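The structure under discussion appears below in the form of structure tokens.
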There are 2 protein chains.
Amino acid sequence: MPIDQTQEWQALQSHHRTVRDLRMGDLFAGDPERAKRFTLSLGDIRLDYSKNRITEETMTLLRHLAHAADVAGWKERLFAGASVNTSENRPALHTALRQRGGSILVGGKDVIAEIASVRGRMAKFAGAVRDGMWTAHAGTRITDVVHIGIGGSDLGPRMVVEALRPDTAPLRVRFASCLDDAELTSALSGLVPASTLFIVASKSFTTPETLANAILAKNWLLAALREESLVKGHFVALTSKPEMAQRFGVDPANIYPMWDWVGGRYSLWSSIGLPIALALGPEVFDDLLAGAAQMDEHFRTAPLEQNLPATLALLSVWYANFFAAETQIVLTYDWRLRLLPAWLQQAAMESNGKSVDRDGTPVRWATSPVVWGGSGNDGQHAYFQALHQGTHLVPADFLVALTGGPHRRALLANCFAQTEALMRGQDAAEVGPHKAMPGNRPSNAITFERLDAATLGALLAMYEHKTFVEGAIWGIDSFDQWGVELGKVLAARIEPELSPDGRIGIHDSSTASLIETYRRRGR
Amino acid sequence: MPIDQTQEWQALQSHHRTVRDLRMGDLFAGDPERAKRFTLSLGDIRLDYSKNRITEETMTLLRHLAHAADVAGWKERLFAGASVNTSENRPALHTALRQRGGSILVGGKDVIAEIASVRGRMAKFAGAVRDGMWTAHAGTRITDVVHIGIGGSDLGPRMVVEALRPDTAPLRVRFASCLDDAELTSALSGLVPASTLFIVASKSFTTPETLANAILAKNWLLAALREESLVKGHFVALTSKPEMAQRFGVDPANIYPMWDWVGGRYSLWSSIGLPIALALGPEVFDDLLAGAAQMDEHFRTAPLEQNLPATLALLSVWYANFFAAETQIVLTYDWRLRLLPAWLQQAAMESNGKSVDRDGTPVRWATSPVVWGGSGNDGQHAYFQALHQGTHLVPADFLVALTGGPHRRALLANCFAQTEALMRGQDAAEVGPHKAMPGNRPSNAITFERLDAATLGALLAMYEHKTFVEGAIWGIDSFDQWGVELGKVLAARIEPELSPDGRIGIHDSSTASLIETYRRRGR
């Protein structure tokens, strides 16, 4: 039965009518235990979701909805390696990448053992490069790594490296993703070819952006090293197509496999995490995985009432489907976490930006909201005006570490005060209409002791599982991404049409005139 | 009369019912002139808005709405220096900063002459620092500049410097904005105190983030230079409170004024542009201003039918108020322009994220949508899935330069193909339900010859004026930002409560428990 036809959905619709005009301020005033009632924790990660437009009944009804959507069953299938990616008939085993011990069979092979073996190779390699024991050629120590990849092969490792980068490290790791060569050129600035290592990350090893940048990198090396044979040693490939990487000129010893059962947007836990191990050390990468595994275990075993990812998902559904909020904002008060929203945009929107259910029937309910955000303190001086006084409801996640740096108290004061101000608002009768703030705007406050690898791993896994629960409730396949295919096909068709002697195919007059504008330029 | 009560608004409502189900594909098929009909240009900037869910009648009715809202009158008042910031009774004279010649009197003073004099000082200073003629002390040449500011004192200059930064330059300019010291620490990494210049940008010179970072900078200099008197020469201040800057220890000769009639989010054109002049050269800053002035002139004089900013604004209103779209996305295919959306978030959402009209009456219509986006090519591998197959309508602006770099054709092919794919979609009958794409998703294609200073200036002014026209139609004051005040007040109240001996005031139980969680940590 479509989820919006269930009793549970309809109960929420009618409940929404009784709750939508309640003021959170009144709910706090009427219940001194409210913060305690709506706070969950896992280790030192604390989720205070009491500043939401909910009552106990709201949460009960939302949990009923989760039951109606068989969230528990989907969760079991996820962890067991069943084909939860129904449209592609594949498992989604990012949790296996974090699992210690046990075994999971995929096509008769134990993937846990295979993961451990690749992880061991990665650790050994990363350690040796960091120690200066591994050299590309002629014994020159590697000082810089440039990671080339796009989408899932870029956003995760880039975000983690930025979040945990120490002040000093044996290796500097930079990233380049898009087709505009300005990005790679900027990454290469100041680097010495003989001591630079390139990682080329592409599951299919056919991603045009990644190959174009890899070729630029090769030419940059060739210009300095002169001999193709010397260049070879400066490349590492992360791919599920090793033969393609070899053809490009990567030494088989420098190729690390990816697997079909890891989606790009979940791949930072796989060999795609190599730049993390290089930048931060293999033991830090282990900590990241261990933190994620702890969240996996919590998600798998904790009842819905105490389950952090599930609770975040239920609140998300509450606003997206009953308040019709089109967006969600994620605000971090740790500057080093500023790329989290970019990673989350892919994790959430590529997973749940769908319009048909698993059977291919169009859904009649909203799916993934637009996720946006960034450094919360910076946002206060930019778009927070609209959060406070604008006309749209934008549910917010505030994330902040309790310790770190000389201005931590001021940062925390700002973070806490923003959740308070959004909730309280300000009355026109007291301050006049232009300063009036409607208030009653919801937020989650997610605090943790410090921004370290284990905590970050747990937070990322938390958002991954939140996305999974949303998808289960919306009845969609959260693991495919068919919507990106047409654009690739059309781009491949248009590119030759842009050359002076290309023949222009059939297009609408707008696309045709864009092509012609390019061809006519400078004439 | 509230705008939604006007005939013009109601005509659009009923027109919307006849247009909302039209397919753009059919409109293109039925009108070979459609692209031409809906394309505007200014110099080599070309706006193709034909891939929108509009007919000729839509645009006519939208222009009628602009007349009903007296857009022409507000525009005249803007340029004349009248108090268009009604809640603060101030003009908004960012256009004066770009104007050459003429005069505008504010409080009896000709601001055009004053601007020219400050601009002259800035150019002389920037030139001298770049040439190595100006030194902080002891004749040590300045090699690095760190600009400290937040919000409008950061986003504009940071974006422009990133967009136009040459491969080699006499000065490296870095930025630090937020309270988390990790950002400034990262900016200082590798810098030598004796050859580093700090710019402290704060209109009020009381912005807590900026002062906190300025103090860290001072201590960093003091630790190396030892004497307070030597430190002085390493600071420049951009402020409307020179006496406060002097008290901080800035030499009066190194203070550049800001004016009350420039809002923070419009301030990159003022003395806040000093890091631009330093990083790129004063002549490049002049080109930026000249490009903006050209767009100002176009906006001021071109009829609505040919007016780029006004057309963008009318389309924005069309989707925000008649299709109820809560967001807009801005996608740049030039990597160097990747910070444009962050600047635009402030420009748009701080300006128009309001819920009352100029008289203080609550509005019944949606105001500023959430603006988001980034590097379009990267987005294709992340959130584009949701643009193509998600359930929300997200109107998109695609921006791309026709020339630049070895992969330009591939970039253009991707950019054009995405607009085509969003519009066309793909039929379930042909490809199956999971690959089906609804299509009919609107976009503007904004192309230009190359990303240079004059073009960038024009594009930024285009978005500023778009925002202004939206605000005029929504009947709001686009130049105040009262919504950010309460958060500041509450943060100042909470900060002392976080110290071990602080007395905790009255809060909701959530805010109180956040404060207690911090105070209890580690016990």
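Every value quoted in this text rests on a predicted model; they were computed, and no experiment measured them. Chain letters run A, B, ... following the sequence lines, proteins first and then strands; every chain starts at 1. Side chains included, hydrogens not; waters and symmetry mates left out as well; all remaining heavy atoms used.
- Only the side chain of A:Gln418 has a heavy atom closer than 4.5 Å to any heavy atom of chain B.
- Most heavy-atom pairs under 4.5 Å with chain B, from the set A:Gln481, A:Glu209, A:Glu497: that is A:Glu209.
- Looking at B:Val431 and A:Leu486, their side chains never come closer than 4.5 Å, going by heavy atoms from C-beta outward.
- With chain B as the partner, the residue from A:Leu387, A:Asp31, A:Leu216, A:Val371 showing the most heavy-atom pairs under 4.5 Å is A:Leu216.
- Residue A:Asp357 touches chain B through its backbone alone, counting heavy-atom pairs closer than 4.5 Å.
- Contacts with chain B were tallied for A:Ala413, A:Ser87, A:Gly151, A:Ala366; A:Ala413 has the most, counting heavy-atom pairs under 4.5 Å.
- For a residue to count as touching a neighbouring chain, one of its non-hydrogen atoms must lie under 4.5 Å from one of that chain's; by this rule A:Val484 touches chain B with backbone and side chain alike.
- At a 4.5 Å heavy-atom cutoff, the contact between A:Thr367 and chain B is made by backbone and side-chain atoms alike.
- A donor-acceptor pair under 3.5 Å links the side-chain atoms of B:Asn377 to the main chain of A:Leu179, judged by distance alone.
- Using a 4.5 Å cut-off between heavy atoms, A:Val363 touches chain B through its side chain atoms alone.
- Here salt bridge (Lys or Arg N to Asp or Glu O under 4.0 Å) pairs that include residues 373-383 of chain B, with residues two or more places apart or in two chains, number zero.
- Heavy atoms closer than 4.5 Å to chain A are found in the backbone of B:Tyr333, but not in its side chain.
- A side-chain donor-acceptor contact under 3.5 Å links B:Arg46 and A:Ser513.
- The parts of B:Thr517 that come within reach of chain A are both its backbone and its side chain, each placing non-hydrogen atoms under 4.5 angstrom from that chain.
- Applying the salt bridge (Lys or Arg N to Asp or Glu O under 4.0 Å) test to pairs two or more places apart or on separate chains, those with a residue in residues 408-420 of chain B are A:Asp180-B:Arg408, B:Asp334-B:Arg408, B:Glu420-B:Arg424.
- Considering CD of B:Glu449 and OH of A:Tyr518, their distance stands at 9.5 Å, rounded to 0.5 Å.
- For B:Ile515 against A:Phe416, the heavy-atom pair with the smallest separation is N-CE1, 4.0 Å.
- If you measure heavy-atom distances from B:Thr511 to chain A, the contacts under 4.5 Å come from both the backbone and the side chain.
- The part of B:Asp359 that comes within reach of chain A is its backbone (N, CA, C, O), which places non-hydrogen atoms under 4.5 angstrom from that chain.
- Between the side chain of A:Ser510 and the backbone N or O of B:Ala35 there is no donor-acceptor pair closer than 3.5 Å.
- One N or O on the side chain of B:Gln385 and one on the backbone of A:Gly483 form a donor-acceptor pair closer than 3.5 Å.
- For the set A:Arg265, A:Lys354, A:Gln345, A:Glu33, the count of heavy-atom pairs under 4.5 angstrom toward chain B peaks at A:Lys354.
- Checked by atom type and distance alone, the side chain of A:Glu183 never pairs as donor or acceptor with a backbone atom of B:Trp335 at under 3.5 Å.
- A:Ala491 approaches B:Ala417 most closely through the heavy-atom pair N-CB, 3.3 Å.
- Looking at A:Thr391, its side chain never comes within 3.5 Å of a backbone N or O of B:Ser355 through a donor-acceptor pair.
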